[in-house]
Each structure stands twice: as C-alpha cells, then as structure tokens.
Amino acid sequence: MVQNPRQAYGALFVVIVAAISGVIIAAGFAAPEFVIRGATFWLFIGAVGVMVVCAIISWLTDLPGILAREFGSNGGDH
C-alpha cells in the first residue's frame with residue numbers, strides 16, 4: 001500500500017505519459033516519411049515537448065526515488 005497516493009500515482013502518471021511520448025518519438029524515427037505528412041508531424045513535435053516537460057518534472061521531484069519508495073519492495077519489513 002502506498003503511503004502518499006497523490007505523490008505515488010502522480011509520479012506513475014508522469015512515467016506513463018513519458019512512455020507514450022517515447023513510443024510516438026520512436027515511431028517518428030522508424031517511419032520518418034509518415035511523420036512528415038500532415039497532422040502526424042504536430043503529434044511528433046507535441047510528443048517531444050511533452051517528453052521535455054516530463055524530464056523536467058522528473059529532475060525536479062526525484063521521480064525514481066518516489067517510485068522506488070512508494071511501489072518498491074521493502075524486503076518484508078514494514
């Protein structure tokens with residue numbers, strides 16, 4: 001059970017959003033001709049922007065530490 005649900009699930013949300021953005025960015029490198037066309041280009045640029053914001057949030061809030069503390073194993077001690 002998490003100790004601080006708002007902090008724990010907020011951190012998890014940031015990681016999920018970053019992962020989705022990462023998939024979109026990776027697709028842009030795998031199929032660049034598809035990304036250059038139309039609205040997909042703006043989706044790619046938006047994903048890059050979201051990834052930068054997620055990186056800044058992670059850096060400012062110690063995201064790995066929050067996730068390890070809230071969701072990590074305590075080795076049976078509680």
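Each residue takes its place number in the sequence, starting with 1. Quick caveat, the model's predicted, so the values are computed rather than measured.
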- Any chain of hydrophobic side-chain contacts (each under 4.5 Å) joining Val23 to Phe29? no
- Message: Do Tyr9 and Val15 land in one hydrophobic cluster if side-chain heavy atoms of ILVMFWY residues count as linked below 4.5 Å?
- Response: yes
- Nearest heavy-atom neighbours spanning Val35 and Phe44: CG1-CB, 3.6 Å
- Test item: Phe71 and Leu12 side chains (from C-beta on) under 4.5 Å apart, heavy atoms: yes
- Task: Verify the cluster assignment for Val14 and Ile24: are they in a single hydrophobic cluster under the rule of side-chain heavy atoms below 4.5 Å apart?
- Result: yes
Cut-off 3.5 Å, no hydrogens considered: what does the side-chain donor-acceptor table look like for residues 49-68, sequence neighbours left out?
from  : atom 1 : to    : atom 2 : distance (Å)
Thr61 : OG1    : Ile57 : O      : 2.7
Asp62 : OD1    : Gly65 : N      : 3.4

- Message: Is there a path of hydrophobic side-chain contacts, each under 4.5 Å between heavy atoms of I/L/V/M/F/W/Y residues, joining Leu43 to Ile16?
- Response: yes
- Rounding to 0.5 Å, atoms OG1 (Thr40) and CD1 (Ile45) come to a distance of 12.0 Å
- Query: Rounded to the nearest 0.5 Å, how far does CD of Glu70 lie from CZ of Arg6?
  - Reply: 13.0 Å
- Query: With sequence neighbours left out, what residues match Ala31 under side chain to side chain contact (heavy atoms under 4.5 Å, CB included)?
  - Reply: Glu33, Phe34
